[in-house]
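What follows is a single structure, written as structure tokens, with notes after it.
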Amino acid sequence: MIKKIPRSFYERDDVVSISKELVGKVLCTNVDGVSTSAMIVETEAYNGRTDRACHAYPDVRTKRTETLYLKPGIAYVYLCYGIHHLFNIVTNKEGLADAVLIRAVKPLEGESYMAERRGQEQIKPSISNGPGKLAQALGITTSYDKTDLLGETIWVEDRGIKVPLDAIKAGKRIGVEYAGKDADLPWRFTLKNSEWVSR
DNA sequence: CCTACGATCTGCT
DNA sequence: GCAGATCGTAGGG
């Protein structure tokens with residue numbers, strides 16, 4: 001029986017807690033007739049109002065960031081470095097622009113499809129141990145920007161996987177040195193001792 | 001219109 | 001550890 005995470009989970013006002021709680025949840029996609037799923041093992045939190053590392057900070061509404069201002073539980077997918085599609089989940093009340101970046105996952109179902117999309121023969125961490133890699137493995141591209149995660153294309157399930165708080169490590173976020181003191185915020189969460197987290 | 005650059009990844013040293 | 005790939009977005013003229 002499927003337990004899709006409800007909008008009320010995403011709608012809460014603490015993006016850091018949401019980010020932490022998403023570790024151990026299962027990200028599922030059904031695109032191009034292929035179903036895949038993977039456990040989230042690494043996330044990062046971005047706060048739209050206080051966080052210089054967030055695309056929407058301080059209140060930048062543009063064609064790219066307008067997605068961040070939509071309702072919670074919507075996918076924010078954007079292109080980075082011209083090559084990589086990065087998958088985020090919009091959280092908090094509509095119009096506040098908080099988001100969680102999914103940085104790494106452990107494949108569960110449809111592993112062979114994920115390997116094929118990544119052009120790899122074997123199932124190994126390099127299939128999905130980075131934000132650009134997992135998006136490619138799960139078939140997520142910018143064409144899925146604004147997708148509602150309560151629909152049938154991309155969603156997150158709670159499969160009852162227990163992740164105790166002391167099994168999650170908090171650290172600095174990756175690649176946000178430009179954000180000044182906000183670059184030091186411990187808003188990156190990884191599953192300890194998992195070989196599936198990014199480098 | 002034009003330019004600079006990025007929430008990354010890969011391959012080479 | 002570091003440079004290059006590659007293109008949409010944002011900001012300036």
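Only heavy atoms go into these numbers, but all of them, side chains included; no hydrogens, no water, no symmetry mates. Numbers restart at 1 for each chain; the letters A, B, ... are given by sequence-line order, proteins then strands.
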In what stems does DNA chain C take part, counting only runs of at least 3 consecutive Watson-Crick or G-U pairs whose two distances fall under 3.5 Å?
-> B:1-6 with C:7-12, B:8-12 with C:1-5

Taking only heavy atoms on the protein side, list every residue of residues 41-58 of chain A lying under 4.0 Å from any atom of DNA chain B, sorted numerically.
-> A/Tyr46, A/Ala53, A/His55

With a 4.0 Å cut-off, would you call A/Lys106 and A/Glu195 a salt bridge?
-> no

Within residues 127-142 of chain A: residues closer than 4.0 Å to DNA chain B (heavy atoms) = A/Gly130, A/Pro131, A/Gly132, A/Lys133

Would you check if A/Arg188 and A/Ser198 make a side-chain contact, meaning some heavy-atom pair closer than 4.5 Å?
-> yes

Taking everything shown except A/Lys169 itself, do over 12 heavy atoms lie less than 6.0 Å from its NZ?
-> no

Centre of A/Phe9's six-membered ring, under 6.0 Å away, within 45 degrees of the axis: is that where NZ or CZ of A/Arg12 sits?
-> yes

Could you list the residues that satisfy side-chain contact (heavy atoms from CB on, under 4.5 Å) with A/Arg52, not counting sequence neighbours?
-> A/Tyr57, A/Ala179, A/Asp182

What about A/Ile102 and A/Ile127, same hydrophobic cluster or not, with Ile/Leu/Val/Met/Phe/Trp/Tyr joined at side-chain heavy-atom distances under 4.5 Å?
-> yes

At the 4.0 Å heavy-atom cut-off to chain A, mark where contacts on DNA chain B begin and end, going 5' to 3'.
-> B/dG6 to B/dT10

Which donor-acceptor pairs under 3.5 Å do side chains of residues 25-32 of chain A form with protein atoms, sequence neighbours excluded?
from, atom 1, to, atom 2, distance (Å)
A/Lys25, NZ, A/Glu21, O, 3.1
A/Thr29, OG1, A/Thr36, OG1, 2.6
A/Thr29, OG1, A/Leu138, O, 3.0

Partners of A/Lys192 by salt bridge (charged side-chain N to carboxylate O under 4.0 Å, His left out), sequence neighbours excluded?
-> none

Would you kindly say whether A/Arg118 and A/Gln136 are connected by a side-chain donor-acceptor distance under 3.5 Å?
-> yes

Does a salt bridge link A/Lys172 with A/Glu44, judged by any charged N lying under 4.0 Å from a carboxylate O?
-> no

With salt bridge (Lys or Arg N to Asp or Glu O under 4.0 Å) as the test, would you mind laying out the steps for A/Asp98 and A/Lys93 before giving the verdict?
-> CA-CA 9 Å; A/Asp98 283 356; A/Lys93 299 283 186 293; over 6 Å; no

SB check A/Arg173 A/Glu42 (cutoff 4.0 Å) = no

For A/Ser112, the side-chain contact (heavy atoms from CB on, under 4.5 Å) test, sequence neighbours excluded, returns none

Under 4.5 Å between any side-chain heavy atoms of A/Asn92 and A/Arg49, yes or no?
-> yes

Linking directly or through intermediates, with side-chain heavy atoms under 4.5 Å: list the remaining ILVMFWY members grouped with A/Val34, chain and number order.
-> A/Tyr113

Side chain to side chain donor-acceptor pair (under 3.5 Å) evaluation trace for A/Asn47 with A/Thr50 | CA-CA 6 Å; A/Asn47 182 300; A/Thr50 65; 3.2 Å; yes

If you measure from the P atom in B/dC2 to the same atom in C/dT6, how many Å do you get, rounded?
-> 22 Å

Nearest-nucleotide comparison on DNA chain B, the residue closer to the 5′ end among A/Ser126 and A/Gly175 = A/Gly175

Within residues 87-101 of chain A, find the residues that approach DNA chain B with a heavy atom at under 4.0 Å, and present them sorted by residue number.
-> A/Asn88, A/Leu101

For nucleotides 2-13 of chain C, read 5' to 3', which letter fits each nucleotide if B means a protein heavy atom sits under 4.0 Å from the base, S means only the sugar-phosphate is that close, and - means neither?
-> ---BBBSSS---

Is there side-chain contact between A/Val156 and A/Lys4, with heavy atoms separated by less than 4.5 Å?
-> no

Under 4.0 Å between any heavy atoms, over every strand shown, what does A/Arg103 touch: base, sugar-phosphate, or nothing? Just pick one.
-> sugar-phosphate

Partner set under ring pair (Phe, Tyr, Trp, His ring centres under 6.0 Å) for A/Tyr78, not counting sequence neighbours | A/His55, A/Tyr76

